[in-house]
Amino acid sequence: MVLAINSLIKINGETLSALPQDLYIPPDALEVYLEAFEGPLDLLLYLIRKHNLDILDIPMADLTVQYMTYVEKMKAINLELAADYLLMSAMLIEIKSRMLLPKPAAVEEEDDPRAELVRRLMEYEAIKRAAQRLDAMPKVGQEIEVAAAHFQPVSQMKPPEVHLEDLVEAWRNVLKRAKLHQHHKLGRAELSVREHMSLLLRRLSKTPVLRFDELFDVAKEGIPTLVVHFLAMLELAKEGLIRITQQDAFGPIYVQASHSS
Amino acid sequence: MREPDNIAQMKAILEAALLTSPQPLALDDLLKLFAGRMERATLRMLLDELKADWMEKTLELVQVASGYRFQAKEAYGEYLSLLNPERQPKYSRAVMETLAIIAYRQPVTRGDIEQIRGVAVNPNVIRQLQERDWIDIVGQREVPGRPSLYATTKHFLDDLNLRSLAELPPFEAFAQSEIPLE
């Protein structure tokens, strides 16, 4: 954030040749730039540069007053942003107060309380400059265009050899698989569960107890008939017309008419 | 595939490989072109010759961190950018300052970055740099919390046209190493 000062600035018709020494930036003017500061160090540097202050001999009182003015403004606008800045205010005030205290003779060699702040400001400014230089360097995707001529890579592998027998074998496999996928043709068998229920009851009326496997004539009947027969048996059981019993697990299952017991 | 039997042919093979590669090619990659029948020293010499051959042309052969690549000479940059106005946007100051700290002070933790910049590190800033593959985590500092240590990548050097970190613009420290106070 640099406010470029044009050498031809005119104030009340007079050309301004030099910046006024007591240049003060009203906090209102700064409002727009609040977000532009990268932190308290950045703001401090800005103030120091704006006032042509010597970074190695900072007038703490002036700087602290100005700094606090801006921070108050920031606090009003963005509290979260102000947190880092408040820490810095505390540090500035601490330095200022330590400078005001008279030094006891015994510790005359004590470091300048500003030393740490100055060190940090200088380090930050160096990084800031380094960042600007990095930013100015040509980069791939911005200023540098990498050459990449088109090339369709050809496979290094030889295509496998194919003999006639392989082809025949492959064809056989296809046929074999096609057979597996044949559609089952479904014809509508005219089978009535009701009819089989009657059939079953009729058999039970003649023979009161039948073994489960005797019910199904696997040899003679087709699967559809057996299924319908089984369904009929379940249906009868549901309606309470027959009873299905088994003495123990895996033992023979008996079917009998309900009324016969 | 006939084996190249003269220098012109070897250079032509190198040239074709480098021109068609979207990434920089390292010496080891280029050696594969000759199926192990090439000395590294010879290869370097051929690359130097190739570089000289292209001196008067539109492209230049440069060496970056990951290897060699052809790129358009700087003079054509602004014309080429007209073809592609939607270029990579510039990074914010926060991103560039974070990058500068990592580049010049690596390996650094998030805390180191905060200490220098005086503000909390926005996780987005780190993410942007990681997504660009310019920085990565190289380890943890053995202090409570084991914070991650960040460093710049080879890709970062490639993108900035550098062979090594030593080629970064010198870090302009202040002239006084001892700060004279009073």
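Here is the naming used below: chain letters follow the sequence lines, and residue numbers restart at 1 for every chain. What you are looking at is a predicted structure, and each value in this text was computed from that prediction instead of being measured.
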### Query
Which residue out of B:E78, B:Q23, B:Q115 racks up the most heavy-atom pairs below 4.5 Å with chain A?
B:Q115
At a 4.5 Å cut-off on heavy atoms, which part of [X] comes close to chain A: side chain, backbone, both, or neither?
{"X": "B:P170", "value": "backbone"}
{"X": "B:I101", "value": "both"}
{"X": "B:R117", "value": "both"}

Please table the atom pairs, donor to acceptor, closer than 3.5 Å between any side-chain atom in residues 28-38 of chain B and protein atoms at least two apart or in another chain.
residue, atom, partner, partner atom, Å
B:D28, OD1, B:R40, NH1, 2.8
B:D29, OD2, B:A26, N, 2.9

Between [X] and [Y], does at least one N-O distance fall below 4.0 Å, as a salt bridge requires?
{"X": "B:R146", "Y": "B:E142", "value": "yes"}
{"X": "B:R105", "Y": "B:D112", "value": "no"}
{"X": "A:D57", "Y": "A:R114", "value": "yes"}
{"X": "A:E94", "Y": "A:R98", "value": "yes"}

## Note on the structure
Note: vs chain B, highest number of non-hydrogen pairs under 4.5 angstrom among A:R133, A:Q132, A:K128 is A:R133
